[in-house]
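Written below as structure tokens is the structure these notes are about.
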Amino acid sequence: MIDPKLLRHATADVEKNLARRGFEFDVAGYLALEERRKSLQVETETLQSERNASAKRIGMAKAKGEDIAPLLAAVKDVGDKLEAAESSLSVVQAELRDIELGLPNLLQDDVPDGRDEAQNVEIRSWGTPGSFDFDVRDHIELGEKSGLLDFDSAARISGSRFAVMRGGLARLQRALIQFMLDVHTSEHGYEEAYVPYLVHGDALQGTGQLPKFEADLFKTTTETPFYLIPTAEVPLTNLAREVIFEPGELPRRYAAHTPCFRSEAGSYGQDTRGMIRQHQFEKVELVHLVEASESAAALEELTGHAETILQRLNLPYRVVALCAGDVGFGATKTYDLEVWLPGQQRYREISSCSNCGDFQARRMLARVRNAESGKPELLHTLNGSGVAAGRALIAVMENDQREDGSIEVPAALRPYMGGATEISA
RNA sequence: GGAGAGGUGCCAGAGUGGUCGAAUGGGCUUGACUCGAAAUCAAGUGUACGGUCUUCCGUACCGUGGGUUCGAAUCCCACCCUCUCCGCCA
């Protein structure tokens with residue numbers, strides 16, 4: 001959520017900032033509603049104050065054994081007026097809240113202009129796309145050739161956008177996950193966490209997926225519904241929900257491996273072949289909880305941590321700063337890591353690292369006590385993939401393929417593969 | 001799944017319709033005493049929101065949501081969670 005005070009007092013600035021994303025903010029409608037809220041709230045609270053005062057008077061009169069009938073008659077009127085005022089106020093407040101929950105985060109000034117991913121700006125690149133002296137295959141062909149990647153079985157079991165992996169390939173994904181977690185926990189100072197995969201709506205509202213993006217989520221039909229997490233960002237970031245951290249307790253860095261579940265509603269026709277876009281995929285997620293002044297630096301660090309993984313795997317990649325139109329709902333600024341896929345002859349997103357500022361913290365009341373003032377202040381949250389395991393697997397397959405269709409295991413992963421140097425049927 | 005007990009402030013714990021945002025004890029902060037510490041004494045110590053918003057005033061919050069009432073931490077209803085025992089299970 002955007003700071004409601006900012007929304008009220010600097011509405012034009014907010015409107016301008018959101019317009020950079022291509023988001024149209026109905027300023028007039030908002031301000032009119034806000035005016036109503038103000039007068040209704042003042043009215044309600046005045047009436048409450050009156051009621052409280054007379055209730056107190058009645059109590060005292062009764063204690064002294066005086067006649068309270070005239071006092072009761074005098075309050076009758078207040079009760080009705082109060083009821084009316086309270087119900088109008090709650091309607092207006094609910095409308096305001098809906099608006100506020102639907103507004104995306106404010107962008108940082110250094111986010112480049114642009115409408116969509118075509119205008120994202122490359123910041124740096126690492127490695128050089130390899131040259132092959134044979135015709136490269138994409139991961140689908142490689143998987144079919146070895147028989148280790150089986151979309152037919154997956155389709156029979158669960159339909160489209162699922163994969164079955166077998167043998168060395170299944171193990172390679174597990175190796176990737178273990179490797180990534182080990183690097184982040186032992187070298188980058190993250191605390192490993194195991195978290196629920198089913199969460200309440202509150203948690204998703206906290207991180208910003210709800211109420212706006214419910215269609216992207218899987219939801220259970222149990223009496224109290226659960227949602228399957230679309231990313232470990234949700235449970236990890238919600239570790240700060242309604243917590244007030246003491247000054248020395250931040251920063252916190254959490255890493256977790258979880259499956260991620262996405263309905264991919266609205267992505268019909270995109271990446272329908274292969275393992276790029278699945279309903280279920282594995283990811284190692286990184287989350288930082290930091291004091292407000294630290295978040296800009298933390299984003300650079302976090303991005304670097306994700307980059308380390310690709311470097312150790314010797315996968316060529318580039319870092320792009322998302323342009324205004326491409327930055328996600330809850331982020332103030334985002335870097336994507338895009339890995340080179342020889343099979344597609346292009347870079348594809350493998351990690352997305354975002355600074356969410358206080359946007360999520362405000363929704364979930366995640367705070368840190370200011371060392372000087374002693375007052376709780378909103379903390380800042382960041383998240384990034386470190387990295388998506390399914391896509392990393394594709395990247396390894398395609399970048400380390402050999403002419404015979406076998407795959408060379410990157411040196412960094414061999415300890416996790418029982419020393420194996422290649423995967424083949 | 002069955003039976004029972006319970007959810008109050010940083011912690012423990014009182015409060016079963018009125019001056020209760022909440023006794024008391026502990027903790028913490030500040031001050032006094034002290035060379036210093038301990039002990040002792042005194043004062044302070046929640047969160048959110050609003051108002052012509054650093055002073056000041058008001059409102060809300062005692063698991064959550066409803067209800068009764070002039071008035072609810074306290075009564076009623078529903079739900080959630082925790083604990084104990086039984087059952088079941090990994």
Side-chain angles (χ1 to χ4, degrees), chain A residues 1-11 30-101 194 196-206 210 220-227 235 238-250 358-379:
Chain A
M1 246 161 59
I2 297 174
D3 182 356
K5 291 200 177 77
L6 200 66
L7 211 50
R8 250 172 254 154
H9 303 303
T11 317
Y30 167 77
L31 287 177
L33 205 55
E34 173 52 28
E35 268 309 306
R36 283 198 63 206
R37 187 230 92 225
K38 190 194 272 192
S39 66
L40 279 170
Q41 182 162 347
V42 171
E43 186 191 344
T44 303
E45 291 186 357
T46 307
L47 287 166
Q48 283 172 328
S49 177
E50 264 178 58
R51 181 207 56 195
N52 291 347
S54 34
K56 205 170 256 186
R57 249 180 275 128
I58 292 170
M60 288 191 285
K62 217 176 168 187
K64 284 189 236 160
E66 294 168 7
D67 179 21
I68 58 168
L71 289 170
L72 284 178
V75 200
K76 177 71 190 112
D77 191 37
V78 175
D80 293 343
K81 278 198 278 186
L82 180 57
E83 202 174 321
E86 273 177 340
S87 71
S88 333
L89 177 62
S90 73
V91 168
V92 170
Q93 277 175 332
E95 282 176 37
L96 273 173
R97 189 164 173 75
D98 284 349
I99 291 175
E100 287 167 5
L101 285 174
Y194 172 79
Y197 303 160
L198 292 167
V199 297
H200 287 142
D202 287 347
L204 288 150
Q205 185 173 101
L210 286 181
T220 68
T221 58
T222 44
E223 201 176 339
T224 47
F226 291 105
Y227 294 87
N238 273 282
L239 289 174
R241 162 173 290 272
E242 283 161 45
V243 173
I244 301 176
F245 289 96
E246 293 307 317
E249 294 177 335
L250 296 184
D358 62 14
F359 186 85
Q360 296 178 323
R362 184 171 290 108
R363 287 171 167 240
M364 61 175 78
L365 266 186
R367 291 163 294 174
V368 57
R369 199 173 295 285
N370 182 297
E372 275 109 63
S373 69
K375 293 289 169 201
E377 293 171 354
L378 294 172
L379 51 79

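Proteins get letters first, then strands, A, B, ... in listed order; numbering begins at 1 in each. As the structure is a prediction and not an experimental result, all values here were calculated from the model.
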For A:Asp3, all residues meeting salt bridge (charged side-chain N to carboxylate O under 4.0 Å, His left out), sequence neighbours excluded: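 Not a single residue meets the salt bridge (charged side-chain N to carboxylate O under 4.0 Å, His left out) criterion with A:Asp3.
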
Residue list, salt bridge (charged side-chain N to carboxylate O under 4.0 Å, His left out) with A:Lys81, at least two apart or on another chain: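 Testing A:Lys81 for salt bridge (charged side-chain N to carboxylate O under 4.0 Å, His left out), a comparison that skips the adjacent residues, returns A:Asp77.
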
Pairs of donor and acceptor atoms involving the side chains of residues 88-99 of chain A, under 3.5 Å and at least two apart or interchain, shall be tabulated with distances.
unit_1, atom_1, unit_2, atom_2, d
A:Ser88, OG, A:Ala84, O, 2.8
A:Ser90, OG, A:Ser87, O, 3.1
A:Arg97, NH2, A:Gln205, OE1, 3.4

Can you tell me how far [atom2] of [Y] sits from [atom1] of [X], rounded to the nearest 0.5 angstrom?
X	Y	atom1	atom2	answer
A:Thr11	A:Leu6	OG1	CG	8.5 Å
A:Gln360	A:Leu378	CD	CG	12.0 Å
A:Ile2	A:Phe359	CD1	CZ	6.5 Å

Polar atom pairs between nucleotides 49-54 of chain B and protein, under 3.5 Å, N or O only, would you list them?
unit_1, atom_1, unit_2, atom_2, d
B:C49, O2', A:Gln41, NE2, 3.3
B:G50, OP1, A:Arg8, NH1, 2.6
B:G50, OP1, A:Arg8, NH2, 2.7
B:G50, O4', A:Gln41, NE2, 2.9
B:G50, O3', A:Arg37, NH2, 3.0

[X] and [Y]: which non-hydrogen atoms are nearest, and at how many Å?
X	Y	answer
A:Pro235	A:Pro196	CG-O, 3.7 Å
A:Leu47	A:Ala85	CD1-CB, 4.0 Å
A:Val75	A:Ser54	CG1-OG, 3.7 Å

Canonical and wobble pairing (Watson-Crick, G-U, under 3.5 Å) of RNA chain B, dot-bracket with |: ((((((((.[[[..)..(.....]]]((((((.......))))))((((((....)))))).[[[[[..)....]]]]])))))))....

Mind calculating the distance between [atom1] ([X]) and [atom2] ([N]) to the nearest angstrom?
X	N	atom1	atom2	result
A:Glu246	B:C11	CD	P	12 Å
A:Asp77	B:G71	CG	C1'	17 Å
A:Met60	B:C70	CE	P	19 Å
A:Leu40	B:U59	CG	P	18 Å
A:Lys56	B:G18	NZ	C1'	10 Å
A:Leu47	B:A60	CG	C1'	15 Å

Which value, in whole Å, describes the distance between the [atom1] atoms of nucleotides [N] and [M]?
N	M	atom1	result
B:A73	B:C62	P	7 Å
B:A39	B:U29	P	13 Å
B:A32	B:A23	C1'	27 Å
B:U47	B:G63	C1'	16 Å
B:G58	B:A22	P	13 Å
B:A3	B:A78	P	14 Å
B:G7	B:G87	P	28 Å
B:G4	B:C61	C1'	30 Å

Given RNA chain B, 5'-ward residue of the pair A:Glu50 and A:Gly59, judged by closest heavy atom: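 Nearest nucleotide further toward 5': that of A:Gly59.
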
Position toward the 5' end of RNA chain B (nearest nucleotide), A:Ala55 or A:Leu72: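 The 5'-side residue here is A:Ala55.
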
Any donor-acceptor N/O pair, A:Arg363 side chain to A:Leu101 backbone, under 3.5 Å: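 Pair found, side chain donor or acceptor close to backbone of A:Leu101.
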
Those residues that, when tested against A:Thr220, pass side-chain hydrogen bond (donor to acceptor under 3.5 Å, both in side chains) (two or more places apart):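 In terms of side-chain hydrogen bond (donor to acceptor under 3.5 Å, both in side chains), with neighbours along the sequence ignored, A:Thr220 is linked to A:Thr222.
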
Presence of donor-acceptor pair under 3.5 Å, side chain of A:Lys62 and base of B:G18: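 Per atom types, the contact qualifies.
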
Touch class at under 4.0 angstrom, heavy-atom based, for A:Arg57 against every strand present: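 Here A:Arg57 touches no strand at all.
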
Listed once per pair and sorted, the side chain to side chain donor-acceptor pair (under 3.5 Å) pairs that draw on residues 31-46 of chain A, sequence neighbours left out: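 Found A:Arg8-A:Glu34, A:Glu34-A:Arg37, A:Arg37-A:Gln41, A:Gln41-A:Glu45.
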
List every contact pair, protein side and nucleotides 62-64 of chain B side both N or O, where the distance is under 3.5 Å.
none

Residue list, ring-ring contact (aromatic ring centres under 6.0 Å, His included) with A:Phe226, at least two apart or on another chain: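 A:His200.
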
Neighbour count above 12 (heavy atom, 6.0 Å) for A:Glu66 CD: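 Counting neighbours around CD of A:Glu66, more than 12 heavy atoms of other residues, nucleotides or ligands fall under 6.0 Å, so yes.
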
Under 4.0 Å protein heavy-atom contacts per nucleotide of nucleotides 76-83 of chain B, with B for base, S for backbone only and - for none: --------

Write out a two-atom table: protein N or O, nucleotide N or O from nucleotides 46-48 of chain B, distance below 3.5 Å.
unit_1, atom_1, unit_2, atom_2, d
B:U47, O3', A:Arg367, NH1, 2.7
B:A48, OP1, A:Arg367, NH1, 2.9

Short side-chain N/O contact from A:Asn52 to OP1 or OP2 of B:U59, under 4.0 Å: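 Yes, A:Asn52 has a side-chain N/O under 4.0 Å of OP1/OP2 on B:U59.
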
Presence of A:Ser49 side-chain N/O under 4.0 Å of B:G58 phosphate oxygens OP1/OP2: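 It does not, given that no N or O in the side chain of A:Ser49 lies less than 4.0 Å from OP1 or OP2 of B:G58.
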
Result block: side-chain N/O donor-acceptor pairs under 3.5 angstrom for residues 241-250 of chain A, not counting sequence neighbours:
unit_1, atom_1, unit_2, atom_2, d
A:Arg241, NE, A:Asn238, OD1, 2.9
A:Arg241, NH2, A:Asp202, O, 2.7
A:Arg241, NH2, A:Asn238, OD1, 3.4
A:Glu246, OE2, A:Arg369, NE, 3.4
A:Glu249, OE1, A:Glu246, N, 2.8

